[in-house]
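Chain identifiers are assigned alphabetically (A, B, ...) following the order of the sequence lines, protein sequences preceding nucleic acid strands; residue numbering begins at 1 within each chain. Values in this document were obtained by computation on a predicted structure and should not be read as measured data.
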Amino acid sequence: MSTNNLSYSDQGGTDSAVEVGQETTPTSSNAGAGFGLFSVDFKKNEDLKEMLESNKESLKLEAMKRVVGLIAKGKNASELFPAVVKNVASKNIELKKLVYVYLVRYAEEQQDLALLSISTFQRALKDPNQLIRASALRVLSSIRVPIIVPIMMLAIKEAASDMSPYVRKTSAHAIQKLYSLDQDQKELLIEVIEKLLKDKSTLVAGSVVMAFEEVCPDRIDLIHKNYRKLCNLLVDVEEWGQVVIISMLTRYARTQFTSPWKEDGVFDEHNERAFYESDEEKTRDETEAKPYMMDPDHRLLLRNTKPLLQSRNTAVVMSVAQLYWHLAPKNEVSIVTKSLVRLLRSHREVQYIVLQNIATMSIQRKGMFEPYMKSFYVRSTDATHIKSLKLEILTSLANEANISTILREFQTYVKSQDKQFAAGTIQAIGRCATNISEVTDTCLNGLVLLLSNRDETVVAESVVVIRKLLQIQPTQHSDIIKHMAKLFDNITVPMARASILWLMGEYCERVPKIAPDVLRKMAKSFTSEEDIVKLQTVNLAAKLYLTNSKQTKLLTQYILNLGKYDQNYDIRDRTRFIRQLIVPNDKNGALSKYAHRILLAPKPAPVLESAYKDRDRYQLGTLSHTINTKASGYLELSDWPAVAPDQSVRNVEVIEPVKEWAPSLGKTVKSKPAKSSDDKFYSDSGEEEEKGSGSSSSEDGSSSSSSEVQSILSGRLHILQNERVCPESGSDAESHVQKNSSQTSEESDKSSSQSEKSSSESDSEKKERKTKTPLQKKTVLGLEPICTACLSFLFLLNLSIEVLPVLSKLCPLSLAFPLQLSGPAFVPEKSHDLLHRMTGKGLSAQYQFPRQPCLYQPTMVSVQISLTNTTDHPLEQIHIGDRSPTGLNIHCFNTIECLEPEASVTVFMGIDFNDSTQAANFQLCTKEDHFSVSIQPAIGELLLPITMTELDFRKEQGKLLGMNESSATITMAAENMTSQPISRPVATVANLGMVPSSQDNVHRFAGKTANSGAVVLVTVELRGESTALITINTEKSVMGSMLLRDLKLALAQA
Amino acid sequence: MINSLFLINPSGEIFLEKHWKSVVSRSVCDYFLEAKEKALEPEDVPPVIHTPHHYLISIYRDKLFFLSVIQTEVPPLFVIEFLHRVAEMIQDYFGECSETVVKDHMVMVYELLEEMLDNGFPLATESNVLKEMIRPPTILRSVVNTLTGTSNVGDTLLTGQLSTIPWRRAGVRYTNNEAYFDVVEEIDAILDQSGTTVFAEIQGVVEACVKLSGMPDLTLSFMNPRLLDDVSFHPCVRYKLWESERVLSFIPPDGNFTLMTYHVNAQNLVAIPVYVKQSISFFECGSDGRLDVTVGPKQTMGKTVEGVMVTVHLPKTILSINLTATQGSYTYDNGTKLLVWDIGKLNPQKLPNLRGSLSLQAGAPKPEENPSLNIDLKIQQLAISGLKVNRLDMFGEKYKPFKGVKYITKAGKFQVRT
């Protein structure tokens, strides 16, 4: 209890910010006294605490339900925090969920206590079940406690490369939460966003674009490469994501494409379609100098959003409508009309927003909505704001042809019981009258009739509107002014009275008899009038004094005297001013000379225009448009660029980021276009060669200095070439590769030979190639040339749209690691015998660990196997057979159809060792034989290096103390006490990354286990002459001790 | 995006609050309550209110205000659509959406809200997915729960959210496989005093109740799809196929859902099933008036018109009424001045008539405008547009489902001006 009170008073400041319900339980508990008025509540919460601390699940659950009930009602339940947080690790799912709900609500206020729960989530983040991982991340990121920012950052990064798209989606959501918690993380978060944008899952797309919009909406460059993918995925994204993506793409398109509105020439849809059918078409189109040619990407966006007009989600329909409004050529915008009108049948609030947008649209484009005019007819059951919007639209739609229908409709509205609406209708009639000169007289007469209406509001509004209309054409309407003067006595609404007075004054020369009489009446009632009427009376008096001073001199002076002593200073001021102006005296004759010209200047007629006139400065469908002010966070829609920025930025996806895995990528990609246009393939190769050699020459320098890593990679490349392993490609693509094997291998051979600058030697004969194989392995090949070649080839084909799904499918895998993991510090060359040639009947196999993140699945360890045929006959169909333990997850290499005598081949496989050193047993089979083999990994090979800062390292280490820590002191030679000789043996034993260290005698290494991703931290602290302390922190304590043993051995040797 | 949600009853009491981001003090609702005070009817409260620090977007539905608090730019329709989904979700779970229901299931509603949004962005709004996570209460289950202490939270981990068809849960099993489709058409019309049609249109909706095992792939085709002018679909419908072949091809969600809504081609003349002869008049001098309304069948395609109801908002100045109905009964609420005449089935031989006198408050002027009549009606076994379902085929599963189609025509916003 005491801790509880303490923590509460600590947080008192924050707490008071929270609106507390009427029953302020915390006050009573804070006072430490349950005696006061609030004792009942105090007791109630007390028993909640007991229930929460009981052993019975059902009691806890009951208590949590009541607590959440309190939260839902907006009452404060924060003092139960310590009791609740204990249950965070409960096994009961419902209880757990309720605790999560509670945590998210109060963690911000009880930061210290909230930290107690963090470890539970961290553990759950590594759960094998994706849903548990996701929910852990969701809650962790919802706890708005600044201290855990680094933990959140780490979790987000990790989740962003999670296998499950659902977890990745959650990480996209977490990005926004972290950003709102700590803006300093922006740069790091942008990196994660960049990675997630490349995700091809429809689940992720919406959420990550949302994060993009929130964190870095200005980084339009991140979108380029994903633009086409987003367009293509759009239909399958969930509806909320669609809204966000569409609005982002609208902004994007406005910066990247040229305006389709410049030329009014009809856009040739047919031509555009042709482009997608054939590639040749495009080149021709481009060379033709057309006045306006829509960017195919622009067209792609319009085409892919169109089906969404049929969505049941009104927000989606609206966002497509605004996209068309802002991006489509003028003649295509009208396809959205029907859908917008459909939305009018939806809920009242939807109608309101849609009508607002239609109001803005209909001002600029009457024709769009005119056929649907009747849909805007007002019903007596409509809400007031709907009615006035409909009126607004009807007014905008009015033209010579339909005005009579509209006016008839307006006549009904004027009689409405809703007087506000009736007044609005009168204004609308006024607008119609000014806009369409044919009906001005009709309208005016109608309005005059309304002057005898019984309702004040209606009359007042009519007067005001008539006044405005008369101003526009005052000449022939003196009888109307007379009529109004007659009605003046009956009109009580100040605005209307003021309007009539003003009219009298303005046109006093037309009604010379009546005006002085009106002034006389006003002089009588002056003191009881409203201010606005008084002001106009003074005005009228002044004007009459100037035009008809004989009759009105006395009246005017009387009124000016009344005004001089008025309570309102405005009126006093005006009176004083008028007096000085019109009554000439010695001092100020200068101005009074001009009095006539000042007061009776011809005044411009007011413009009756829509309130929606200027709303088009905001993007349609936005909040800013609705409230007609810039809402915070509103992103301006830019103007079209005069010249379109480089379109090729969207063209070739993923060229840069795929350095390491490009070969496989290029391969997969290549196989597809090859199928569709074989001729193309070759006809383009000339150009491609140029590119390939261009890049290879730049590679020249580096290629002479060979490094092991590269040799491995080139080996891998080679395998890929030979075996056509396309793990990610669909089965059809794969089978296709088989079919086209000769072509593709020939092609890749060509490109590889280019990189050797020996294109003249390029030869597609099989034998040549085989003899070249070992050569390729030794002379290190730059990988870039090949990959560039492949991709530039793709670029030339310009089939990227079709290929896109494949590309995007690949990129998350290929990109999952480089950001998070570091490259191996050292790759041991040591290879182990898998199958000796004697036991293998001439087939020998060796394996080694290339220490690369596994391509197939992140939890796997990649193993490189070299197979050599030492017999004198070809070995056929080498593949992997049965495995044990049966659950063992192996990604096999594809069957090697034939291995010629003396030839050798290197293949890769992925094995999920499940973080144990248990050997993986499987059968290596040829056509005739089966050989049982086993791979026993060293503990260090089950790790993957990660980079982290020293700070992070310490933080992580701090979390992994106690039984997660194992340490040993060893003796080692003094000459080995510098950092280099220590990192070398450590790196040999285990695949760990170096962590920069601020102290000379402490060396730190970090990694994570391949399967579960548990962090493994190794510290080697040199002490004195020859002793060193090795500490290993990991939650996998078995692995820790095994690793410790290996390291002890290695370092003691050193 | 959406920061917080408050549920407010018509008297202005906030009875539920949920925050998806930092807590927003409920005092922010004061701006809304102020606007609510100003508005004459709850419907008139502006849906978007601009306050110094927040934007309030609200909907009024089922006599409840759903008020959401927004801090940054977001498409207002996005929020409105979501709020309606919340209301629909409550309706779906508890059978109705009302203050009592929400108060009774406070914790569950709160949990549902928690699942529906993450950081203010919709996460799971599909009813099928939600029901997998949090099971709706049934009487049987609540009994079992109290006895065994188990709960409504799904203990199996859901999969719906992860699949490519999030609207359907996996592993659906029924002993009787059935698929029912209701074609419901509504006539929206405005008739003027003389009975001429000012405006009329038909909009329809195909409601489905599909209880099929496994992963059925259904194809529904119409005899006359050309009637359909503008359509919108449940996300399950494959739009491409509709475009090319005018058939509805879809893997249905489990249970009840709205398959499509449509609008009938404007060129087709709309058959108005009833006519209304009315005269409402107020005498210029005395404080009296007369009301005489007769309803008769017009173009009914040989079907009976049922459930006819006439609703009139009488002018505020009416003091009392004295009417007699030849058929059905009428109710009159003097507080809201709402007259409801429930006629029932229309009998062509004997037309129902309501007549009598209205008395105005003493001294009150004669009302300017006569109140308009809102008509409600129902015709079974008829889609007034003539739309017909041709056939329903199922692929992907072996069993033979039971199929049924029902047609209903209703009055939508059917108004007669007087």
For this session: Could you look at Gln203(B) and say if it's the side chain, the backbone, both or neither that has a heavy atom under 4.5 Å from chain A?
Result: side chain
For this session: Heavy-atom distances under 4.5 Å only: say whether Glu126(B) touches chain A with side chain, backbone, both or neither.
Result: side chain
Exercise. Is it the side chain or the backbone of Val198(B) that comes within 4.5 Å of chain A heavy atoms, both, or neither?
Worked result: both
Problem set entry | Main-chain N/O of Val235(A) paired with Gln242(A) side-chain donor or acceptor, under 3.5 Å | yes
Problem set entry | Atom group of Gln322(A) that falls short of 4.5 Å from chain B, counting heavy atoms | neither
Seminar exercise, completed: Under 4.5 Å to a heavy atom of chain A? For Lys21(B) that would be both
Problem set entry | Salt bridge Lys413(B)-Glu186(B), side-chain N to carboxylate O under 4.0 Å | no
For this session: Verify whether the ring centers belonging to His347(A) and Tyr60(B) lie closer than 6.0 Å.
Result: no
Exercise. Taking the six-membered ring of Trp20(B), is the NZ or CZ of Lys18(B) close enough (under 6.0 Å from the centre) and on axis enough (within 45°)?
Worked result: yes
Exercise. Based on non-hydrogen pairs under 4.5 Å, which of Arg408(A), Gln176(A), Met210(A) is most in contact with chain B?
Worked result: Met210(A)
Seminar exercise, completed: Whatever's closer than 4.5 Å to a heavy atom in chain A on Asp192(B) counts as neither
Exercise. Checking Thr405(A) against chain B: side chain, backbone, both or neither under 4.5 Å from a heavy atom?
Worked result: neither
Exercise. Non-hydrogen atoms of chain B under 4.5 Å away: do they reach the side chain of Thr412(A), the backbone, both or neither?
Worked result: both
Exercise. Relative to chain B, which segment of Glu213(A) carries a heavy atom at a distance below 4.5 Å: side chain, backbone, both, or neither?
Worked result: neither
Exercise. Given a strict heavy-atom distance threshold of 4.5 Å, which part of Val317(A) is in contact with chain B: side chain, backbone, both, or neither?
Worked result: neither
Problem set entry | Engaged part of Ser247(A) at the chain B interface, taking heavy atoms whose separation is under 4.5 Å | neither
Problem set entry | Interchain contact, Ala87(B) with chain A, by part (heavy-atom threshold 4.5 Å) | neither
Exercise. Considering only heavy atoms, which portion of Leu7(B) lies under 4.5 Å from any heavy atom of chain A: side chain, backbone, both, or neither?
Worked result: neither
For this session: Answer yes when Glu201(B) and Lys374(A) have at least one side-chain N-carboxylate O distance shorter than 4.0 Å, and no when they do not.
Result: no
Exercise. Counting only heavy atoms not in Lys306(A), do more than 12 fall under 6.0 Å of its NZ?
Worked result: no
Exercise. Contact part of Glu62(A) toward chain B, heavy-atom cut-off under 4.5 Å: side chain, backbone, both or neither?
Worked result: neither
Problem set entry | Arg312(A) bridged to Glu239(A) by N-O distance under 4.0 Å | yes
Problem set entry | Interchain contact, Ser22(B) with chain A, by part (heavy-atom threshold 4.5 Å) | both
For this session: Side chain from CB out, backbone as N, CA, C, O: work out which of these in Tyr239(B) comes under 4.5 Å of a heavy atom of chain A, or both, or neither.
Result: side chain
Problem set entry | Proximal component of Tyr413(A), with respect to chain B [non-hydrogen, under 4.5 Å] | side chain
Seminar exercise, completed: Counting heavy-atom pairs under 4.5 angstrom with chain B, the leader among Arg379(A), Lys177(A), Met318(A) is Arg379(A)
Seminar exercise, completed: Of Gln619(A), Glu238(A), Glu409(A), the largest count of non-hydrogen pairs under 4.5 angstrom with chain B goes to Glu409(A)
Exercise. What part of Leu620(A) lies closer than 4.5 angstrom to a heavy atom of chain B: side chain, backbone, both or neither?
Worked result: neither
Listing, residues 70-80 of chain B side-chain donor-acceptor contacts under 3.5 Å, not counting sequence neighbours, or none:
from     : atom 1 : to        : atom 2 : distance (Å)
Gln71(B) : OE1    : Asn3(B)   : ND2    : 2.4
Gln71(B) : NE2    : His54(B)  : NE2    : 3.3
Glu73(B) : OE1    : Ser624(A) : N      : 3.1
Glu73(B) : OE1    : Ser624(A) : OG     : 2.6
Glu73(B) : OE2    : Leu623(A) : N      : 2.6

Problem set entry | Between Thr384(A), Thr622(A), Val68(A), the one whose heavy-atom pairs under 4.5 Å with chain B are most numerous | Thr622(A)
Exercise. Non-hydrogen atoms of chain B under 4.5 Å away: do they reach the side chain of Tyr352(A), the backbone, both or neither?
Worked result: side chain
Exercise. Less than 6.0 Å separating the ring centroids of Tyr372(A) and Phe376(A)?
Worked result: no
For this session: Look up atom OG1 in Thr314(A) and atom CZ in Arg345(A), then write down how far apart they are to the nearest 0.5 Å.
Result: 13.5 Å
For this session: Measure Val243(A) against the heavy atoms of chain B and call it side chain, backbone, both or neither at under 4.5 Å.
Result: side chain
Seminar exercise, completed: Under 4.5 Å to a heavy atom of chain A? For Phe121(B) that would be both
For this session: Using non-hydrogen atoms and a 4.5 Å limit, figure out which bit of Lys630(A) sits close to chain B: side chain, backbone, both or neither.
Result: backbone
Problem set entry | Structural part of Glu57(A) lying under 4.5 Å from a heavy atom of chain B | neither
Exercise. Can you say whether Val139(A) sits under 4.5 Å from chain B via the side chain, the backbone, both, or neither, judging by heavy atoms?
Worked result: neither
Problem set entry | Trace of the salt bridge (Lys or Arg N to Asp or Glu O under 4.0 Å) decision for Glu88(B) with Arg61(B) | CA-CA 10 Å; Glu88(B) 276 155 26; Arg61(B) 192 171 160 160; 3.4 Å; yes
Problem set entry | Side chain / backbone / both / neither for Leu117(B) at chain A, heavy atoms under 4.5 Å | backbone
